[in-house]
Each structure stands twice: as structure tokens, then as C-alpha cells.
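Comments concern the structure below.
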Amino acid sequence: MDAFLIQTLNGIVNGMILALVASGLTLIFGIMDVVNFAHGELFMLGAYAGVVWLAITGNFWAALLAAAVTIAVLSAVLQVVALRPLLGRDPLYTILGTFGISLVLQNYALWQFGPVPRKLTEPLTGHFRFFYLEYPYYRIVMALLSAAIIGALWAFLKYGKYGIWIRATTQDRVMAAAMGIPVPIVHTVVFAIGASMAAASGVLFGPLVGVTHAMGADWVLKAFVVVVVGGMGNLAGSILASIFISLLEAYASLIVSPAQAVIVAFVALIVTLLVRPTGLFVPTPK
Amino acid sequence: MLALQDVHTYYGKSHILHGVSIDVRPGEVVGLLGRNGVGKSTTLKTIMGLVRPAQGRVVFDNHDVGGMPPYRVARIGIGYVPEDRRIFRLLTVLENLRTGLDRHGLNEARREQLLEKVYTNFPVLRERRNQAGGTLSGGEQQMLAIARAMMLEPKVILLDEPTEGLMPRMVGQIHQIIKVLHAEGVAILLVEQNVPLTLEVSDRVYIMEKGVVRHHAPAAELRANHAVIHQYLGI
């Protein structure tokens with residue numbers, strides 16, 4: 001029973017970080033129909049930017065913010081230069097485009113920072129007792145902060161002036177343009193928002209694993225699973241699916257080894273594709 | 001005010017418009033008639049910047065509109081109500097209207113005023129303002145599409161088959177709406193299959209066939225002389 005509760009907490013904590021990565025991914029897909037294969041690399045670059053900014057500022061939270069802004073600017077440039085010209089063409093172009101970007105960014109990081117993992121020091125080192133486990137406060141803070149960022153995004157989309165622009169463009173980009181909404185700029189901004197969310201999750205997650213040039217790969221794969229299971233382009237669905245998949249994995253690791261538990265995510269993906277390919281968490285179309 | 005001069009438009013390799021010239025003067029209702037597939041909707045899309053003309057000019061208020069991105073065309077005063085209405089289905093009625101209200105140089109008072117005017121003209125939209133656009137009936141969606149375009153305070157509205165798929169009772173309502181717009185001094189370029197309605201509300205009418213304008217006359221003249229209508233439209 002103790003183990004079950006501990007795994008529930010673990011599942012939710014991991015689920016929140018995954019949700020932060022996945023909501024950026026699903027936002028970008030929803031509005032541009034671009035499957036962003038470079039998302040994991042933006043996560044990874046965000047973590048490296050966090051390392052650099054932490055060295056400069058000495059403050060983790062300042063570094064988190066600065067890294068998110070750095071990656072937002074970088075990704076806006078990437079979007080304008082490499083993706084904007086490809087939008088509206090066959091999806092294969094943007095798949096190859098983002099895949100290319102991902103290779104370039106990964107090898108840039110390897111060249112710039114080397115193969116040795118960099119350490120991001122966690123800002124809080126305290127623990128609290130959770131059954132037989134010393135549970136670090138930082139993990140709780142990390143989950144809460146992820147939830148807060150996602151909540152802020154949701155409120156912005158729901159109530160903000162530009163939030164309405166984003167939702168309108170997501171639903172019908174031609175009509176949005178005909179209503180005077182500058183669609184190309186909206187696309188760039190959304191890409192930057194999605195990328196900065198990936199960067200923020202990279203910085204938040206960095207202290208737990210160490211920052212390497214390949215750290216994005218695992219996450220983006222899981223984020224893709226979540227986006228499909230939650231329903232492509234559906235923000236609420238992605239968040240629910242993140243928690244769902246992370247809980248499944250956490251419980252599975254009670255029975256099998258944690259390395260094998262990863263399989264559960266992919267089983268969920270396959271079952272979803274077979275049973276309900278539009279996603280588990282989308283309302284049935286009437 | 002709005003003028004197309006010898007406009008040629010292609011979709012890929014198919015040549016759709018073969019040199020269309022049309023003009024719309026301030027406050028005027030201009031009808032554009034023709035059978036299916038003669039390029040009426042393409043003409044409107046070309047004006048809106050959704051399709052780029054390969055040749056010819058689209059001029060609006062001394063701006064060369066041809067090849068301008070659609071959002072800039074909308075901002076200089078051309079409203080567009082497309083054929084399938086294209087309501088933002090998941091946005092509420094009010095949010096649909098707001099897509100045209102959140103622009104520079106529009107203060108809160110003016111925004112309220114524009115909303116109020118629309119709600120007065122279409123009381124049903126006020127009732128349903130917090131309902132998702134997709135839940136409205138066909139006629140209500142058409143009203144919303146027109147009201148949404150009015151939020152831009154356009155000088156001209158391009159109306160693409162507003163009566164298509166509506167019940168006869170609603171067709172009368174569209175007639176009323178066109179009259180309201182006309183009374184407000186908004187010019188209208190109306191593409192329609194409904195010939196009697198078009199002849200009744202329009203000042204002038206262009207008849208298109210196979211991507212060119214074949215005939216152009218005051219609506220009153222066509223009302224009196226059905227031979228022309230019969231010749232081009234077969235009714």
C-alpha cells in the first residue's frame with residue numbers, strides 16, 4: 001500500500017513535467033499541423049541554457065526564466081527561417097525540416113558542451129518523510145510549477161486577446177486571416193511559446209538527470225505518445241494523457257523493473273491507435 | 001472604390017479567371033451571378049488575397065491589393081463572409097465577434113458600440129453570446145458570419161452565397177440583413193445562385209460565364225428584361 005501511494009505521487013510528478021513538454025508539442029501541432037521532431041532538442045537546449053544562465057546569475061529561478069526566454073527567441077528565428085517557408089506544403093516537408101533541425105541542434109550541443117553531462121544544481125535540497133521514503137521537496141515544487149505554467153497558458157488561451165487569436169487560428173487559419181489576424185506572426189509566437197515550455201521543462205528536469213545532448217530523445221518520444229493518446233492538438237487531452245501514462249508507468253514499475261515499465265506507454269499508444277485513433281480524451285464527435 | 005482590372009487567376013495549372021474586370025462604388029450593392037464553377041467564389045477569394053492573381057490588378061481605395069496577405073486586406077476595410085460561413089465552431093459567439101474587434105486603434109467604448117449595434121440588428125446573437133458557434137443553426141451561423149465581418153467596420157463586404165442551404169424563411173432574413181448593411185453605407189459584392197433575390201437587392205449585376213464577365217447591367221434593366229438572364233443562366 002505504501003509503495004502504491006509513493007508510485008502515485010511519482011506518477012503525478014513525472015506526469016506534470018511530461019504534460020509541460022507535451023502541451024507545447026500539441027499546441028504547435030494544433031495550429032500549424034507541424035509535427036515538431038525538434039521538440040526534444042529544444043527541451044535539451046533549454047536545459048543547457050539553464051546551465052549557462054545559472055553560471056552567470058547564480059540563481060536557479062532567474063536561470064529558468066532566462067533559459068525560457070533564450071529558447072523562445074531562438075525558436076522564433078528557427079520558425080521564420082526554416083519552417084515558415086514550408087507551411088502549407090505536404091506534411092513530409094515539415095517532418096523532414098524539423099527532423100533536420102533536431103539533428104543540427106543535437107550536434108551543436110555536442111560540439112559546444114561536449115559529451116560529459118553537465119550538472120544543474122537543484123535550488124531546494126530539503127526532504128520530507130513520505131512513508132519509508134525521503135521525498136525531495138524539489139520534485140513537488142517542480143510538479144507545482146509545471147502545473148502553474150500550464151494553468152497560465154490555459155488562462156491566456158481562454159481569456160487573453162491574443163489567446164483568442166491563437167484559438168481562432170487553430171480552428172481555421174484562412175478565416176482567421178480574413179478577420180485581420182496576422183496568421184504568420186501568430187504561428188511564430190505559438191512556436192516560441194511551445195519551445196519555451198519545452199525549455200522550462202528541460203531546466204526543471206535537469207537537476208534530476210544531468211544535462212546531456214541526448215536527454216531530449218526519451219522525453220520527446222514519450223511526449224509524442226501522450227499527444228497521440230490525448231488526441232492530436234487537444235491541450236486538455238494531452239495533460240490528462242500525460243498523467244495517465246505516467247501513472248500507468250509508475251504502477252507498472254511496482255511489478256516489473258522501471259526500465260521495462262516504459263513499455264507500458266507504448267502499449268497504451270498501440271491500444272489507443274487500434275481502439276480509438278482520434279485519442280482517448282476527446283469527446284466523441286456527434 | 002474596389003476595382004478588378006483584367007484579373008487572371010490559376011489553381012495550379014487550371015486557369016480559373018480569364019481576365020475579370022469588376023468595380024464596386026461606395027455604398028453600392030453589386031450582384032455577381034453565374035452558374036456553378038464559373039469563378040464567382042474565386043473572384044472573391046482573389047480580392048481577399050486568399051488566391052494570388054497571376055495577372056491584372058485588384059485596387060481598393062488606392063491600395064494595390066493583389067498579392068497582399070489576407071489579414072492586411074481585412075485591415076484596410078474588406079470584410080469577407082465565405083460560402084460555408086466558416087464560423088469558429090469552438091469559440092463562443094462573443095469570441096467569434098471579438099476576433100474582429102481586437103485590433104489597434106479601437107477603444108473600449110467603440111468596441112461596445114459595435115457589439116451593441118450588431119446585437120440590435122441580430123438579437124438572437126445576444127441571447128446566444130456565450131454559446132459555442134458550432135451549436136448555432138445554419139441561419140444563425142450565417143448571421144454570425146455577417147456580424148463578425150461587420151466588426152471590422154469594412155467599407156465593402158464580400159458575401160458568398162449567403163442564402164445557400166437556408167430555409168425560405170431565413171432567405172427573407174438575409175434579404176433584411178443586406179438592406180441593413182446597405183442602409184449603413186457598406187458596399188456589398190454579392191455572389192448568389194438565388195437570382196430573384198440578387199435582382200431585387202442589387203444596384204448593378206455582373207453575369208459571369210467560364211471565368212469572364214459576359215454581361216453587365218443595372219439590376220432594374222435585368223428585372224425588366226428576362227431574356228438575358230435566361231440566356232446566361234437558363235432560367
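Order of the sequence lines sets the chain letters (A, B, ...), proteins ahead of strands, with each chain counted from 1. Below, all heavy atoms of this structure are taken into account, side chains as well, without hydrogens, waters or symmetry copies.
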Side-chain touch A:Trp165/B:Thr99, heavy atoms, less than 4.5 angstrom: no
Nearest 0.5 Å please: distance from the OG1 atom of B:Thr92 over to the CZ atom of A:Arg167. 7.5 Å
Shortest non-hydrogen separation from A:Ala178 to B:Leu152 and the atoms involved: O-CD1, 3.8 Å
Backbone N/O of B:Leu90 and side chain of A:Gln171: donor-acceptor pair under 3.5 Å: yes
Here the gap from B:Arg103 atom CZ to A:Ile181 atom CD1, rounded to the nearest 0.5 Å, amounts to 11.5 Å
Which heavy atom of B:Arg98 sits nearest to which heavy atom of A:Lys161, and what is that distance? NH2-CA, 3.6 Å
Which bit of B:Leu50 comes within less than 4.5 Å of chain A, counting heavy atoms only: side chain, backbone, both or neither? side chain
Is the CZ atom of B:Arg52 crowded by more than 12 outside heavy atoms at less than 6.0 Å? no
Heavy-atom closest pair (A:Gly180 atom, B:Ala74 atom, distance to 0.1 Å) is N-CB, 3.4 Å
Under 3.5 Å, side chain of B:Arg86 to main-chain N/O of A:Met175, donor-acceptor pair present? no
Take a 6.0 Å sphere around OH of B:Tyr119 and say whether it holds more than 12 heavy atoms from other residues, nucleotides or ligands. yes
Are there over 12 heavy-atom neighbours, none belonging to A:Phe99, within less than 6.0 Å of that residue's CZ? no
Counting heavy atoms not belonging to B:Asn62, are there more than 12 under 6.0 Å from its CG? no
Using side-chain heavy atoms (C-beta onward) and a distance below 4.5 Å, is B:Arg72 in contact with A:Pro182? no
How about A:Val183 and B:Tyr71: do any of their side-chain heavy atoms sit closer than 4.5 Å? no
